[in-house]
Protein chains: 4
Amino acid sequence: MKRNKPKYKQIIDAAVVVIAENGYHQAQVSKIAKQAGVADGTIYLYFKNKEDILISLFREKMSIFIEKTEEVIAGKQTVSEKLYVMVENHCKLLSEDHHLAIVTQLELRQSNKDIRFKINDVLKGYLQLVDKILISGIEAGELPEDLEVRIARQMIFGTLDEVVTTWVMNDQKYNIVAQVPAIHKLLLHGCGGRN
Amino acid sequence: MKRNKPKYKQIIDAAVVVIAENGYHQAQVSKIAKQAGVADGTIYLYFKNKEDILISLFREKMSIFIEKTEEVIAGKQTVSEKLYVMVENHCKLLSEDHHLAIVTQLELRQSNKDIRFKINDVLKGYLQLVDKILISGIEAGELPEDLEVRIARQMIFGTLDEVVTTWVMNDQKYNIVAQVPAIHKLLLHGCGGRN
Amino acid sequence: MKRNKPKYKQIIDAAVVVIAENGYHQAQVSKIAKQAGVADGTIYLYFKNKEDILISLFREKMSIFIEKTEEVIAGKQTVSEKLYVMVENHCKLLSEDHHLAIVTQLELRQSNKDIRFKINDVLKGYLQLVDKILISGIEAGELPEDLEVRIARQMIFGTLDEVVTTWVMNDQKYNIVAQVPAIHKLLLHGCGGRN
Amino acid sequence: MKRNKPKYKQIIDAAVVVIAENGYHQAQVSKIAKQAGVADGTIYLYFKNKEDILISLFREKMSIFIEKTEEVIAGKQTVSEKLYVMVENHCKLLSEDHHLAIVTQLELRQSNKDIRFKINDVLKGYLQLVDKILISGIEAGELPEDLEVRIARQMIFGTLDEVVTTWVMNDQKYNIVAQVPAIHKLLLHGCGGRN
DNA sequence: GATGAATGAGAGTTCATTCAT
DNA sequence: GATGAATGAACTCTCATTCAT
């Protein structure tokens with residue numbers, strides 16, 4: 001399994017750095033190889049092609065994202081608390097890794113439709129977590145029975161995404177984690193929940 | 001003024017069609033020229049370069065968007081109504097022009113950062129409309145005084161954008177306008193408003 | 001006869017200015033038209049094509065050159081004196097018109113072979129003047145009978161051209177007319193003449 | 001060091017052939033690549049851009065020129081002899097390589113000012129050789145003390161250049177080496193020297 | 001497994017010239 | 001005679017991927 005070999009992660013991390021610092025369209029395979037300390041050709045021993053690097057990058061980072069989110073939700077009882085820690089976790093993780101924030105919010109979006117559809121597939125794992133929170137809230141009677149889960153999920157993810165992207169486009173110069181309570185309040189009320 | 005000459009709009013409309021049907025990276029200037037029924041060189045009598053076509057395209061379409069939105073809002077009194085017609089207008093306009101929806105939600109996002117920052121500038125005009133609705137709601141006592149307008153605006157736009165993008169990515173196969181009431185309810189409640 | 005109409009000279013003078021100030025490859029027909037105060041199309045009422053402008057420019061200026069040279073030679077008796085005033089005239093005329101110096105010594109040389117061959121044809125009138133001076137010198141016994149006139153003429157023109165070109169490439173920052181005595185001495189002795 | 005790799009010289013030689021046979025403006029990179037037997041992209045592994053090919057071409061050929069000239073001068077004592085072998089060498093080398101003669105005397109001069117200034121820099125090495133001959137002649141008492149070295153050098157180079165260019169423009173149809181004694185005599189006398 | 005030299009397809013833009021008005 | 005909007009051909013350079021070593 002190539003994914004567990006050291007060079008696999010080495011190349012992905014190199015890709016994050018190179019894309020964040022040079023931009024998507026200036027992130028040539030040769031630059032990534034150099035940053036990773038391997039030869040150009042070596043990249044192709046671990047990845048099918050450039051597209052595969054980008055999707056793998058997103059998959060690797062997203063799996064960490066999902067894992068952590070599941071962890072923080074696990075300890076919470078109410079839908080309000082679950083939503084809160086999810087929003088907090090989302091903002092925190094991207095706050096802590098400036099490079100990753102640039103890559104996921106700005107650079108990777110410039111990729112072609114093919115890649116973006118595949119990225120969207122990976123994203124579904126995260127969106128299912130949101131759904132799970134909402135459904136648990138409905139079942140617990142904390143959220144209205146007639147809540148349109150799909151649209152609520154789109155609101156939650158769309159809002160988070162817009163908030164984070166705006167913050168990255170403003171050079172990450174303010175503290176996004178400080179906005180978590182406000183975001184949480186809007187989203188919870190939007191879903192029909194109360195604190 | 002080049003913007004009022006017939007060929008200006010002709011080229012922009014051609015660009016929308018070509019980008020929607022071929023994708024951003026396959027939308028060569030020569031293809032746009034052919035679709036517009038002019039020579040390649042003619043494009044450059046009306047636009048500085050390819051980037052200028054894309055930004056102008058977005059600016060033209062967005063100005064129509066803003067204009068229509070202002071019109072529908074004008075006749076409404078409550079913040080709930082205003083928000084409703086804004087959401088409805090957003091979904092309707094993109095529903096009615098499949099090509100434009102593809103271009104703005106999928107294709108134009110593949111452009112480089114330069115273009116995307118300029119597109120974002122144009123977008124600000126629309127976001128200010130959202131702000132105006134929210135502020136009028138606060139002043140009328142329909143929305144809480146402590147509403148964080150900036151974050152609420154990011155929620156509203158982020159949600160609309162996510163909803164529409166998801167719809168486009170699913171080949172526009174369901175009726176998005178039917179979702180307007182649900183979206184409106186979520187957003188209004190999120191902002192702390194009531195019907 | 002188009003050559004005597006005011007716009008003919010107007011366009012040629014505009015061409016000199018535009019070429020001198022923008023360089024040969026940045027001297028577009030539209031720029032020349034603008035400088036001349038006429039429409040692009042008007043150029044083609046007076047000149048067959050762009051090449052024709054350049055050759056006509058050279059022909060016009062060269063005919064003045066030749067005329068003046070003939071005038072100054074006319075009053076002189078010895079080959080030494082004739083050569084002196086010719087060298088002096090060559091340096092003076094180009095000294096007095098910086099734009100023309102740039103155009104003939106640097107810019108026009110970037111033209112394609114076709115134009116350069118035609119320019120060479122025009123140049124022949126000037127070279128014949130040199131020949132005439134040399135032959136008169138031989139006939140007067142001031143220059144050796146076995147002087148190779150063709151090579152001597154190439155020396156005289158090649159030297160003048162090199163001297164002036166070097167001066168132009170150095171931004172015309174020194175006084176080239178001051179070098180006339182030295183140049184004259186070298187050329188006269190080279191041809192086997194004495195003062 | 002790329003300059004010593006076989007493909008470096010291979011590409012330069014291909015450029016000489018292509019430029020000589022097609023003309024400067026018809027010497028596309030793809031043509032040069034084809035002639036060199038490499039892919040278009042390979043050119044850019046050895047040269048920064050097309051301009052770099054041309055300047056490198058001139059530098060390579062000129063360094064051979066200078067080297068050979070130094071060799072033939074080395075064995076000579078008097079300034080007359082040194083000047084003779086220099087003139088002879090100049091004519092011979094260009095006589096022996098028709099392609100190179102066309103390229104340096106006609107085609108390369110059509111390049112833009114940027115390239116021509118860089119070519120002029122390379123030329124300085126050759127001009128310094130001329131200076132060295134002249135100064136050695138003055139020190140040996142063979143040339144007058146008051147000889148203006150700079151102008152004399154411009155005469156020598158300007159004459160050689162004019163002679164060779166005229167010969168190339170006449171399709172190299174006469175024997176230029178046969179003119180060496182006559183050229184030598186003119187230049188030597190011009191400088192105030194005797195046989 | 002690792003290397004890196006070589007490949008070659010693909011597109012934005014300029015500008016001399018025309019011709020309907 | 002004068003205009004100027006429209007034309008359309010033409011070319012450098014980049015970079016993902018391969019494969020002999």
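Reminder, nothing fancy here: chain letters follow the sequence lines and each chain counts from 1. Since the structure is predicted, the reported quantities are computational estimates derived from the model, not experimental observations. All values below were derived from every heavy atom in this structure, side-chain atoms included, with hydrogens, water molecules and symmetry-related copies excluded.
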For [X], what residues pass the side-chain contact (heavy atoms from CB on, under 4.5 Å) criterion, not counting sequence neighbours?
{"X": "Asp97(A)", "value": "His99(A), Leu100(A)"}
{"X": "Glu60(B)", "value": "Arg3(B), Tyr8(B), Lys9(B), Ile12(B)"}
{"X": "Gln110(C)", "value": "Tyr24(C), His25(C), Glu107(C), Asn112(D), Lys113(D), Arg116(D)"}
{"X": "Ala101(A)", "value": "Leu94(A), Trp167(A), Val168(A), Gln172(A)"}

What is the distance, rounded to the nearest whole Å, between atom [atom1] of [X] and atom [atom2] of [N]?
{"X": "Ile43(C)", "N": "dC15(E)", "atom1": "CD1", "atom2": "P", "value": "15 Å"}
{"X": "Asn112(D)", "N": "dT12(F)", "atom1": "CG", "atom2": "C1'", "value": "14 Å"}
{"X": "Ile11(D)", "N": "dA5(E)", "atom1": "CD1", "atom2": "C1'", "value": "12 Å"}
{"X": "Lys31(C)", "N": "dG4(F)", "atom1": "NZ", "atom2": "P", "value": "19 Å"}
{"X": "Ile32(C)", "N": "dG4(F)", "atom1": "CD1", "atom2": "P", "value": "17 Å"}
{"X": "Ile53(D)", "N": "dT12(F)", "atom1": "CD1", "atom2": "P", "value": "9 Å"}
{"X": "Phe47(C)", "N": "dA2(F)", "atom1": "CZ", "atom2": "C1'", "value": "16 Å"}

- Please, what dot-bracket string fits DNA chain E when only Watson-Crick and G-U pairs with both distances under 3.5 Å count, crossing ones use [ ] and pairs to another strand use |? .||||||||||||||||||||

- Short question: side chain of Thr42(D), backbone of Val38(D) - any donor-acceptor pair under 3.5 Å? no

- Output for pair (Glu21(A) CD, Gln35(A) CD), nearest 0.5 Å, gives 7.0 Å

- N/O (side chain, Lys7(A)) to phosphate O (OP1/OP2, dA2(E)) under 4.0 Å: yes

- Task: Ignoring backbone atoms, test whether Tyr46(B) places a side-chain nitrogen or oxygen under 4.0 Å from the OP1 or OP2 oxygen of dA5(F).
- Result: no

Let me check something: any side-chain donor-acceptor pairs from residues 117-126 of chain A under 3.5 Å, sequence neighbours excluded? List them with distances.
| unit_1 | atom_1 | unit_2 | atom_2 | d |
| --- | --- | --- | --- | --- |
| Lys118(A) | NZ | Glu51(A) | OE2 | 2.8 |
| Asp121(A) | OD1 | Lys124(A) | NZ | 3.2 |
| Tyr126(A) | OH | His90(A) | ND1 | 2.7 |

- Note on the structure: Asp161(C) meets the salt bridge (Lys or Arg N to Asp or Glu O under 4.0 Å) criterion, sequence neighbours left out, with Arg109(C)

- Message: Test of understanding: with salt bridge (Lys or Arg N to Asp or Glu O under 4.0 Å), list the residues that count as partners of Lys61(D), not counting sequence neighbours.
- Response: Asp13(D)

Below 3.5 Å between N/O atoms, which protein atoms pair up with nucleotides 15-19 of chain F? Just atom names and distances, please.
| unit_1 | atom_1 | unit_2 | atom_2 | d |
| --- | --- | --- | --- | --- |
| dC15(F) | OP1 | Gln28(A) | NE2 | 2.8 |
| dC15(F) | OP2 | Gln28(A) | NE2 | 3.1 |
| dA16(F) | OP1 | Lys50(A) | NZ | 2.9 |
| dA16(F) | OP2 | Val29(A) | N | 2.9 |
| dT17(F) | OP2 | Tyr44(A) | OH | 3.0 |
| dT17(F) | OP2 | Lys50(A) | N | 2.8 |

